[in-house]
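Because the structure is a prediction, the values reported are computed rather than measured. Excluded from the calculations below are hydrogen atoms, water molecules and symmetry mates; all remaining heavy atoms, backbone and side chain alike, are included. A note on names: the letters A, B, ... follow the listed sequences, proteins ahead of strands, and every chain is numbered from 1.
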Amino acid sequence: MPLLILLTALLKFISIIVAGIFAGLLGSLTGLGGGTVLVPVLTLFYGIPFIFAAGASLISTIATSAGSASAYVKEKIANIKIGVGLEVATTTGAIVGSITLAYINHVGLIWTVYVIFGAVLLGSLVPTIQRTAYEVPPLKKPDWTTRIFQLKGTYHDQRLKKDVDYIGIRWWLGEIIMFFAGFVSGLLGIGSGALKVVGMDWAMNLPLKVTTTTSNFMIGITAATSSSIYWFEGFIQPFIAAATAVGVIIGAYFGAKILVKITNRNIRWIFFWILLFLGIDMVLKGLYIGDIFTIISLFYQFFIAVGIATFALFGLIHYFSSKSKKRGETKT
Amino acid sequence: MTQWTFENVVSRILKVGVILTISLILIGSAFIFIHDGANGYPLSKICDISGNTSDQLNSSSLAPSNIISGIAHLDGAYFITLGLWILVFTPISVVAVSLAEFIRKRNGRYIIMSSIVLFNLFFAMLVIAKYIK
């Protein structure tokens, strides 16, 4: 019955697009990017092998990066010069990362990547909670790298309604962090925007707007490096990659529209819970298929991950509300 | 009128790259459904996504050198292949344009750095990809 096959295939294609929309939406609302959500969703709920999920994710990462960077570059918020300079490290890291993934896949240790992915996902939630309150970083003295690598720029801040001049420092530290960001990107098939933001925001003291938009611009170049290695290794399944790319772009587009309208900060906790759950479930699944922790079946792992995530979330909410009370802040 | 500043060119490349890619991906997906499969794989096999990776249609059997003949045969997988390679070359062209801009401005340090980035991109594509096979 060819019609039945056609319908099942079409339904599957649409269901992957839906996963892509969800990942793109959540990825842009949390600032973590589509891939960080997409890979767990595809592997945990669709049963797609890790390498195909990572391949599809990497492709959608380039597409969303290019799509959103197009606007930021035109408005001159993203600093192309600083971005390209840091790409020296990210592209090198991406090469090492994707070779590592290819090696892990050849020797049949793919379960370790699940565990690493879960750990990276949980780790990248830390900067998400402690999202810096200030728009423009405290002024710091330029160092020798500021002059040598011409780490300065100006952008127009729409909310502050003025041109902001900025300088960057500690270029070398930025490069080191960028190498790891590239490595993680190549190993896991994600953009690793969270690490790139740490590199520019924390290490180089660049303004948050410049950091996030430049990171967005850089993600595409990093992912393009790994993609060709992924391609020849056979990590990209066209049917999955096509559906996710379309879905993630749609999701990211609407995510950007919704983001400006969200005023209720508590909604962030819902996103946070989903990401916690995905991270924990990835670790558990990795330990399960690696024959390390097999007492609990995959079915029950789902509920255990839900439980741990909920417990952790309430703990964090409690911690943060008591901390802000201590400082005597009025909660917004 | 559009001013051909460096930023505008980069922005335009990114936008055109994404639009081309998405169009080719959609056309390719449509052909996979219309032709009931692609690159010798039946549709029922292609959409069996949770199975083994080695006997599944994947990028290692889609050589970029076969794109032209694949598209001539209206093979959906090769439309997607072309779209994805255009997507990979989109950021690469941005780096190339940046290199040209740094050469124009005679910015020696950044000429070197953008050349390294370009080298890495092509090194991954032409050398490593073949070596790890």
Side-chain angles (χ1 to χ4, degrees), chain A residues 2 5-6 8-10 12-13 16 46-49 51-52 55 59 62-63 65-67 69-71 73-74 76 80-81 84-85 87-88 91-92 94-95 98-99 102 148-150 220-221 223-243 245-246 249, chain B residues 6-8 10-12 14-15 17-18 21-22 25-26 28-29 32-33 36 38 42-44 46-47 49-50 52-53 56-62 76-77 80-81 83-85 87-92 94-95 98 102 107 109-110 113-114 116-117 120-121 123-125 128-130 132-133:
Chain A
I5 292 172
L6 184 72
T8 1
L10 202 60
K12 211 159 235 174
F13 192 73
I16 304 172
Y46 288 72
I48 292 175
I51 51 164
F52 283 165
I59 292 296
I62 309 178
S65 156
S70 169
V73 167
K74 203 173 178 183
K76 297 184 184 175
I80 300 180
K81 197 198 252 178
V84 170
E87 279 299 328
V88 171
T91 49
T92 312
I95 291 175
S98 35
I99 292 177
I148 291 183
F149 297 104
Q150 305 145 30
I221 303 171
T225 317
S226 319
S227 307
S228 31
I229 297 176
Y230 275 34
W231 185 276
F232 293 109
E233 273 290 298
F235 291 176
I236 292 160
Q237 207 270 19
F239 185 81
I240 306 171
V246 173
I249 282 205
Chain B
F6 170 53
E7 282 84 4
N8 279 342
V10 170
S11 167
R12 190 63 67 85
L14 291 169
K15 195 183 258 176
V18 175
T21 299
I22 293 299
I25 280 179
L26 290 174
S29 309
I32 291 183
F33 286 112
D36 194 21
L43 183 60
S44 56
I46 291 175
C47 73
I49 45 178
S50 51
N52 198 330
T53 52
Q56 173 64 270
L57 167 68
N58 67 54
S59 49
S60 66
S61 63
L62 296 162
I80 298 177
T81 302
L84 297 184
W85 277 103
L87 190 64
V88 171
F89 270 94
T90 303
I92 296 179
V94 167
V95 179
S98 309
F102 295 135
N107 191 337
R109 291 181 192 119
Y110 276 89
M113 284 197 275
S114 48
I116 296 174
V117 176
N120 275 349
L121 281 158
F123 187 67
M125 190 185 299
I128 296 174
K130 304 233 157 71
I132 51 175
K133 281 261 106 181

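- When side chains are defined from C-beta on, B/Asn58 does not count as touching A/Phe235, because their heavy atoms never get closer than 4.5 Å.
- Counting heavy-atom pairs under 4.5 Å between each of B/Leu26, B/Leu87, B/Ile25 and chain A puts B/Leu87 at the top.
- Side chain to side chain, A/Gln150 and B/Asn107 meet the donor-acceptor criterion of an N or O pair below 3.5 Å.
- Contact of the B/Gln56 side chain with the A/Phe239 side chain is not registered, since no non-hydrogen atoms from C-beta on lie closer than 4.5 Å.
- Side-chain contact between B/Leu14 and B/Val94: present, with at least one pair of heavy atoms (C-beta onward) separated by less than 4.5 Å.
- There is no contact between B/Ser61 and chain A, counting heavy-atom distances below 4.5 Å.
- In this structure, chain A has a heavy atom under 4.5 Å from the side chain of B/Ile80, while its backbone stays farther away.
- In this structure, A/Phe232 and B/Trp85 have tilted ring planes: the angle between them lies in the 30° to 60° band.
- Side chain of B/Ser114 to main chain of B/Tyr110: a donor-acceptor pair is present (N/O by atom type, distance under 3.5 Å, no hydrogens or angles).
- Using a 4.5 Å cut-off between heavy atoms, A/Ser227 contacts chain B through its side chain alone, with no backbone atom that close.
- The shortest distance between side-chain heavy atoms of B/Phe6 and B/Ser98 falls below 4.5 Å.
- Applying the side-chain contact (heavy atoms from CB on, under 4.5 Å) rule to B/Lys15 yields the partners A/Ser70, B/Ile19; only residues at least two apart in sequence or on another chain are considered.
- Both the backbone and the side chain of A/Lys74 come within less than 4.5 Å of a heavy atom of chain B.
- The part of A/Ile51 that comes within reach of chain B is its side chain, from C-beta onward, which places non-hydrogen atoms under 4.5 angstrom from that chain.
- Across A/Gly67, A/Ala223, A/Ala245, A/Gly85, the residue that shares the most heavy-atom pairs under 4.5 angstrom with chain B is A/Gly85.
- Looking at A/Phe149, both its backbone and its side chain come within 4.5 Å of chain B, counting heavy atoms on both sides.
- Proximity to chain A (any heavy atom under 4.5 Å) is restricted, for B/Phe123, to the side chain, taken from C-beta onward.
- Contacts of A/Ile48 with chain B are made by both backbone and side-chain atoms, with heavy-atom separations under 4.5 Å.
- Interface remark: A/Ile249 contributes side-chain atoms only to the contact with chain B (heavy atom separation under 4.5 Å).
- Note on A/Val84, A/Ile95, A/Val246: by heavy-atom pairs under 4.5 Å with chain B, the leading option is A/Ile95.
- For A/Ile240, the part sitting under 4.5 Å from any heavy atom of chain B is the side chain, from C-beta outward, and nothing else.
- Put simply, the side chain of B/Val88 does not reach to within 4.5 Å of the side chain of B/Leu84, judged on heavy atoms.
- For A/Ile16, the part lying near chain B is the side chain, with the backbone staying farther off; criterion is any non-hydrogen pair under 4.5 Å.
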